[in-house]
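Here is the structure we will look at.
No experiment lies behind these values; they were computed from the predicted model shown. Quick note on labels: first sequence line is chain A, next is B, and so on, each numbered from 1.
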Amino acid sequence: AQSVTQPDIHITVSEGASLELRCNYSYGATPYLFWYVQSPGQGLQLLLKYFSGDTLVQGIKGFEAEFKRSQSSFNLRKPSVHWSDAAEYFCAVGASFGNEKLTFGTGTRLTIIP
Amino acid sequence: GAGVSQSPSNKVTEKGKDVELRCDPISGHTALYWYRQSLGQGLEFLIYFQGNSAPDKSGLPSDRFSAERTGGSVSTLTIQRTQQEDSAVYLCASSEATGLAGAREQFFGPGTRLTVL
């Protein structure tokens, strides 16, 4: 069965500083990987996804993530955060064949301080 | 175009009552999913519909939970005899059929916040 671990429950970063949110997955084959963001009172918005090809993927709002098979990781990064990035971030894994459902991590809450 | 819509946005009910939650997927999307987001928890898969295939009900937590999808579009999630532990945000998502097997990009609705008193 697939699983996702987001080891950081809460991260605080100063505005303008760089950001890295960690995600580790477990899946028997090459996974499909996703990062979603959830702002307070909002639904989930897809930031970026990895299906195949280039292991460094670019997303919206200046985010990027790198798929590292050897480390079973898919960490999310942003070089300079903005106050509007404060939100909850979820990493998710999906099967590359068959089962359609996504398995989500428990999320990382990001706080931005001035 | 319009995104995934859900109704109601909030629902407060008494323990033991039945509730129905509605989801309107993006037009043309053949796949529809229900997830549950409880306080302090991640998102938990509940059920998945794909076209005319039998739904994947493997995530439903008990037989009090059921869902149907009429005409391949609108879906209703029904919780019978609600319990306090059913309190959560219920999220619906849809995706298009790309012809590829496996997970596809899912578009989420705003959710229904269910509170069971």
- Item | Working for side-chain contact (heavy atoms from CB on, under 4.5 Å), residues A:Leu48 and A:Phe74 | CA-CA 11 Å; A:Leu48 47 78; A:Phe74 189 58; 3.6 Å; yes
- Applying side-chain contact (heavy atoms from CB on, under 4.5 Å), run through A:Phe51 and A:Phe34 and close with a yes or a no. CA-CA 9 Å; A:Phe51 281 2; A:Phe34 307 81; 3.5 Å; yes
- Task: Without swapping roles, check the side chain of A:Gln6 against the backbone of A:Gly107 for a donor-acceptor pair under 3.5 Å.
- Result: yes
- Item | Test item: side-chain donor near acceptor, A:Tyr25 and A:Thr103, under 3.5 Å | no
- Side-chain donor or acceptor of B:Thr30 paired with backbone N/O of B:Glu96 under 3.5 Å: no
- Query: So, A:Ser73 side chain and A:Asn75 main chain: donor-acceptor pair closer than 3.5 Å or not?
  - Reply: no
- Could you tell me which portion of B:Leu91 (side chain, backbone, both or neither) has an atom closer than 4.5 angstrom to a non-hydrogen atom of chain A? side chain
- Can you check whether anything in residues 109-117 of chain B gets within less than 4.5 Å of chain A, heavy-atom wise, and list it by number? B:Gly109, B:Pro110
- Identify the residues of residues 82-90 of chain B whose heavy atoms come closer than 4.5 Å to a heavy atom of chain A, ordered by number, or report 'none'. none
- Message: Once rounded to the nearest 0.5 Å, what's the spacing between atom CG of A:Asp85 and atom OG of A:Ser39?
- Response: 9.0 Å
- Message: Closer than 3.5 angstrom, by distance alone: can the side chain of A:Lys61 be matched with the main-chain N or O of A:Lys78 as a donor-acceptor pair?
- Response: no
- Backbone N or O of A:Gly16 within a donor-acceptor pair of the A:Ser80 side chain at under 3.5 Å? yes
- Message: Looking at B:Arg64 and B:Arg81, would you say the former's side chain and the latter's main chain have a donor-acceptor pair under 3.5 Å?
- Response: yes
- Turns out that what part of B:Gln37 lies under 4.5 Å from chain A's heavy atoms comes down to side chain
- Message: Quick one: does any side-chain atom of A:Glu15 pair with a main-chain N or O of A:Trp83 as donor and acceptor, under 3.5 Å?
- Response: yes
- Under 4.5 Å to a heavy atom of chain B? For A:Leu46 that would be side chain
